[in-house]
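For reference, the structure discussed in these notes is given below.
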Amino acid sequence: MGNHKNNRKGLLSGQMLLFEFRNTIGNPYVHIFGVGMPVLMMIIITRAVAGEMPEGPMLSAAVTSIFLGIGVLIPMATIFMGYAVSHAQELEKGIPQRLELFGIRIRVSLCNRILSEILFMAIAFIVYFAAGYGIVGVERPKALGAVLYMACILVLSVIFFCLAHAIASLLKKFGPAYCVTMVLYFLQMILGGMMGISYDNMPSLMQAAAKLLPVTYINRDFYTVWKGEHYNYVPMLQSYLLMGAVAGILLFVTLHKERRELH
């Protein structure tokens with residue numbers, strides 16, 4: 001019983017968390033793509049829409065919908081792309097092997113790393129929401145709508161973390177990991193309707209692929225949830241389960257492979 005408690009405590013460490021957080025904020029990709037790009041895109045797109053629509057409820061709804069959709073770029077950049085690139089660089093330098101020699105196991109590093117990534121993402125969202133309410137006039141949500149939005153973002157962030165770790169561990173080099181995650185990043189933006197092509201205007205094959213991605217529902221439908229209106233959650237839940245299953249399987253395979261290589 002005592003050993004079990006010690007193992008649980010050993011998963012988290014203030015010193016280790018600080019170390020991982022410094023690594024996260026030292027990655028320039030998360031600042032450029034995870035903070036600067038979402039804020040800039042949100043301001044540019046909402047200003048463009050405001051120039052084509054008259055003032056009123058429809059404009060306010062459109063601006064808020066754009067704001068909520070672009071917000072998903074923050075976990076996509078800070079966790080999915082940023083962590084994959086950072087972990088690939090660490091693998092090239094043999095850092096996980098060195099940590100193992102000092103008695104820091106993979107699961108300990110993963111627990112502290114994901115907490116540091118989520119902490120940075122939370123700071124990025126504070127900046128993003130401050131810009132949204134201060135510059136473009138985002139509508140206030142219903143309490144449940146705001147909670148569901150952050151819950152969906154948090155769950156998606158965990159899925160992205162698992163995918164990022166798996167991709168980096170399989171490729172093991174900065175260049176290939178950066179290329180693959182960048183392609184998947186922009187592919188999700190395109191299929192999610194954030195690159196100028198709405199879901200309704202996509203060919204049927206693209207629509208079928210878009211339905212499999214949680215980002216599609218956040219970008220297309222979350223205004224309804226934000227305002228506390230009735231919404232069918234089943235398709236969005238299915239996309240989360242599918243993506244989560246793929247991420248979980250890939251993470252399991254890569255962790256098993258890493259354990260064998262380290263021992």
Side-chain angles (χ1 to χ4, degrees), residues 24-25 27-82 116-161 185-186 188-199 210 213-229 231 233 236 240:
T24 301
I25 62 176
N27 185 349
Y29 296 97
V30 299
H31 298 283
I32 296 169
F33 292 101
V35 182
M37 186 174 174
V39 170
L40 188 61
M41 282 187 64
M42 179 260 295
I43 294 172
I44 292 173
I45 295 174
T46 53
R47 288 289 169 85
V49 170
E52 297 177 0
M53 294 179 66
E55 291 284 343
M58 287 185 65
L59 174 60
S60 179
V63 165
T64 304
S65 182
I66 292 167
F67 171 83
L68 295 174
I70 292 177
V72 80
L73 295 182
I74 295 175
M76 284 171 63
T78 59
I79 296 181
F80 179 61
M81 192 169 70
S116 71
E117 296 283 348
I118 289 174
L119 178 59
F120 180 84
M121 186 186 71
I123 295 170
F125 264 106
I126 290 172
V127 174
Y128 183 72
F129 269 80
Y133 280 99
I135 299 174
V136 302
V138 174
E139 291 183 17
R140 292 184 178 275
K142 297 290 184 180
L144 182 60
V147 169
L148 288 174
Y149 181 76
M150 297 314 300
C152 286
I153 291 292
L154 182 60
V155 173
L156 188 59
S157 300
V158 174
I159 294 173
F160 280 148
F161 181 86
Y185 174 86
F186 281 107
Q188 288 185 85
M189 285 184 67
I190 293 168
L191 293 174
M194 290 177 274
M195 294 291 281
I197 307 174
S198 67
Y199 174 83
L213 300 174
V215 296
T216 300
Y217 301 96
I218 295 176
N219 183 58
R220 187 187 66 179
D221 301 338
F222 226 93
Y223 175 76
T224 303
V225 179
W226 188 254
K227 298 302 292 181
E229 299 171 7
Y231 179 70
Y233 292 93
M236 181 167 64
Y240 269 90

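- Closest of all the heavy-atom pairs between Ser157 and Pro75 is OG-CB, 3.3 Å.
- In this structure a side-chain-to-backbone donor-acceptor pair under 3.5 Å is present from Lys227 to Arg140.
- Within the 3.5 Å criterion, the main-chain N or O of Gly36 finds no donor-acceptor partner in the side chain of His31.
- Across all non-hydrogen atoms, the minimal contact from Asn219 to Ser65 is O-OG, 3.8 Å.
- Aromatic ring orientation, Phe222 versus Tyr149: perpendicular (interplanar angle above 60°, classes split at 30° and 60°).
- Looking only at distances, no side-chain donor or acceptor of Tyr199 sits under 3.5 Å from a matching main-chain atom of Arg220.
- Atoms CD1 and CE, on Ile44 and Met37 in that order, are 9.5 Å from each other to the nearest 0.5 Å.
- Thr46 places a side-chain N or O within donor-acceptor distance of the main-chain N or O of Ile43, the cut-off being under 3.5 Å.
- Two residues are said to be in side-chain contact when any heavy atoms from C-beta on lie closer than 4.5 Å; Val147 and Lys142 fail this criterion.
- In this structure, the separation between CD1 on Ile190 and OH on Tyr185 is 11.5 Å, given to the nearest 0.5 Å.
- Residue Ala50 comes nearest to Leu59 through the heavy atom pair CA-CD1, 3.6 Å, listed as atom of the first residue, atom of the second, then distance.
- With hydrogens and angles disregarded, no donor-acceptor distance shorter than 3.5 Å links the side chain of Thr78 to the backbone of Met121.
- With rounding to the nearest 0.5 Å, the separation of CD1 in Ile218 from CD1 in Ile70 is 13.0 Å.
- Heavy-atom minimum distance, Ala146 versus Pro141: CB-CG, 3.7 Å.
- Ring planes of Phe160 and Phe80: tilted class, angle from 30 to 60°.
- Shortest non-hydrogen contact noted between Cys152 and Met236 is SG-CE, 4.2 Å.
- The two residues Gly192 and Val215 have their closest heavy-atom pair at CA-CG2, 4.2 Å.
- Under the 4.5 Å side-chain criterion, counting only non-hydrogen atoms from C-beta, Met76 is in contact with Gln188.
- Ring-plane geometry between Tyr233 and Tyr231 is classed as perpendicular, the angle between the planes exceeding 60 degrees on a 0 to 90 degree scale with a lower cut at 30.
- Rounding to the nearest 0.5 Å places CD1 of Ile74 at 12.0 Å from CD1 of Ile123.
- Using modelled atom types, one finds a donor on one side chain and an acceptor on the other under 3.5 Å when comparing Glu139 with Tyr223.
- Here the CD1-CD1 distance, from Ile118 to Ile153, works out to 12.0 Å after rounding to the nearest 0.5 Å.
- Taking CD1 of Ile66 as the start and CE of Met194 as the end, the distance is 12.0 Å to the nearest 0.5 Å.
- Enclosure of atom CD in Glu229 by more than 12 non-hydrogen atoms of other residues, nucleotides or ligands within 6.0 angstrom is indicated.
- Ring pair Tyr217/Tyr240: centre-to-centre distance not below 6.0 Å.
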